[in-house]
Protein chains: 2
Amino acid sequence: MDEMKRPGGRTRRVREAVFAASLAELADVGWGSLSVERIADRSGVHKTTIYRRWGTADQVVLEALLERGSAKIPVPDTGDVTRDMIALGQLIAANISAPIGRSIAAAAIEAADSSSIRQIADAFWSERFEQAGIIVGRAIERGQLPGGTESTDLVETVAARIWFRVMVNRLPVSDPWLSEVVDSAVEAVRIPNSIGAEISEILSS
Amino acid sequence: MDEMKRPGGRTRRVREAVFAASLAELADVGWGSLSVERIADRSGVHKTTIYRRWGTADQVVLEALLERGSAKIPVPDTGDVTRDMIALGQLIAANISAPIGRSIAAAAIEAADSSSIRQIADAFWSERFEQAGIIVGRAIERGQLPGGTESTDLVETVAARIWFRVMVNRLPVSDPWLSEVVDSAVEAVRIPNSIGAEISEILSS
DNA sequence: CATCCAATGCAACAAGAAGTTGTATTAACG
DNA sequence: CGTTAATACAACTTCTTGTTGCATTGGATG
């Protein structure tokens, strides 16, 4: 797939310039308004080159994102579930707050069919869910969480609230806010529903 | 704004045909790919008519949405917070699951500036928040919730989880799932954080 | 360093969409 | 019925998109 007979100097420079320009465009105008011509102008690379090497603007951005996303991020490990989840939350917030992340999210939402853009978004989330699984696993080993705790519930709650705040409310994810959200999410999984209901029953009587 | 010298037969028919076509287009191709020509073809109305009456495709869809969104929805009132919130959640889910709602959401997310599309999305959410305020107010009067309960926390939690499930996970909002989400959200606001933390402290020791 | 040829640049073009304008036609309203 | 607002139609310009043939550049190779 990535074989080229001359990967050296110029080809590499062109490739990098085009990728940089395409991501900048993505951040500026969004996935829907991408065009080969704009990327060509912005990168200084002639449009015929882009048409011949990639064909469409989508393909360019796709490759750029794949190359960019290949950097693996270590799972937070502070010795405490809450702090781990806060770190994970900050990571998620940083990603979807940036213009590029926002554009990807918007495009992934709009794409009704399972297009290539959705694969990237899906990959992002499955990675987060996997990380959360590790975090929860460690917490169970430490005895901070009960044995059968479902990690997906925890991430979903936290991720959902971050997502909503950034995308809909358009407010920044501050540390105090995130801390509170994570706290209540961790409590929710720590106290099984039945017991929680029982307690609230007692309290309200 | 809405004055016209001949609001009768033909003008009305044209208006309705154009609005219907524009919303259908919005659902099909999304906000970003709207075009006057497509709406013209789809509605059977000549494009010059649309250009002269509305100017741009955005304006057409905007008016269509405003007219459509003017129908007021009554606040659920079942006598129980949880059931009220579930009803509200179902309403939210129905709205953002439909193709049109999805397109609006995607467009609102992508629009970095505060464009007209964002006003529609904002209006939708502020209405939900207002409804939740009424629901919570009633619950406080009934003694189901403590006096100072912030309604925004409750809606935000529920709305966020629905949003995430529909937009990111792309799963349907089933009644059992929604019920569980609302339950835990109501519990979270019913048990103040400090007490909740204390209890979990006791339980884990 | 000399040579080759893949990669890129360049210019001209075709195809189509977007928007405008002048005029003819239709039908709502009195 | 007559008036004229509202719409349809056709022709046109302009802009964007994508293609093609050819010239030029500069890695790679011996």
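Convention: sequence-line order gives letters A, B, ...; per-chain numbering from 1.
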- Note on the structure: A:Leu34 atom CG is separated from D:dT17 atom P, nearest whole Å, by 11 Å
- B:Glu37 CD - D:dT16 C1' separation (whole Å): 13 Å
- Task: Cation-pi check, A:Arg128 to A:Phe124: give yes when NZ or CZ is under 6.0 Å from the six-membered ring centre and within 45° of the ring axis, no otherwise.
- Result: yes
- Query: Which residue, B:Arg13 or B:Val36, contacts DNA chain C at a nucleotide closer to its 5' end, judged by nearest heavy atom?
  - Reply: B:Val36
- Query: How does protein contact run along nucleotides 7-14 of chain D, one letter per nucleotide 5' to 3', with B for base contact, S for sugar-phosphate only, - for none, heavy atoms under 4.0 Å?
  - Reply: SBBB----
- Message: Can you confirm whether A:Ile162 sits close enough to A:Leu178 that some side-chain heavy atom of one is under 4.5 Å from a side-chain heavy atom of the other?
- Response: yes
- Starting from P on D:dT17, measure out to CD1 on A:Ile39 and report it in whole angstrom. 11 Å
- Calculate the interatomic distance between A:Tyr51 atom OH and C:dA14 atom P; express it in whole Å. 17 Å
- Query: Side-chain contact, heavy-atom cut-off 4.5 Å: A:Glu63 with A:Arg15?
  - Reply: yes
- Quickly work out the B:Arg38 CZ to C:dG19 P distance and round it to whole Å. 14 Å
- Determine, stepwise, if the pair B:Leu65 / B:Leu23 fulfils side chain to side chain contact (heavy atoms under 4.5 Å, CB included). CA-CA 8 Å; B:Leu65 286 174; B:Leu23 292 184; 3.7 Å; yes
- Check the pair B:Arg138 / B:Arg142 against side chain to side chain contact (heavy atoms under 4.5 Å, CB included), numbers first and verdict last. CA-CA 6 Å; B:Arg138 286 189 190 133; B:Arg142 283 193 303 262; 3.9 Å; yes
- Note on the structure: When every non-hydrogen atom of A:Ala21 is compared with those of A:Ser43, the smallest separation belongs to CB-CB, 3.6 Å
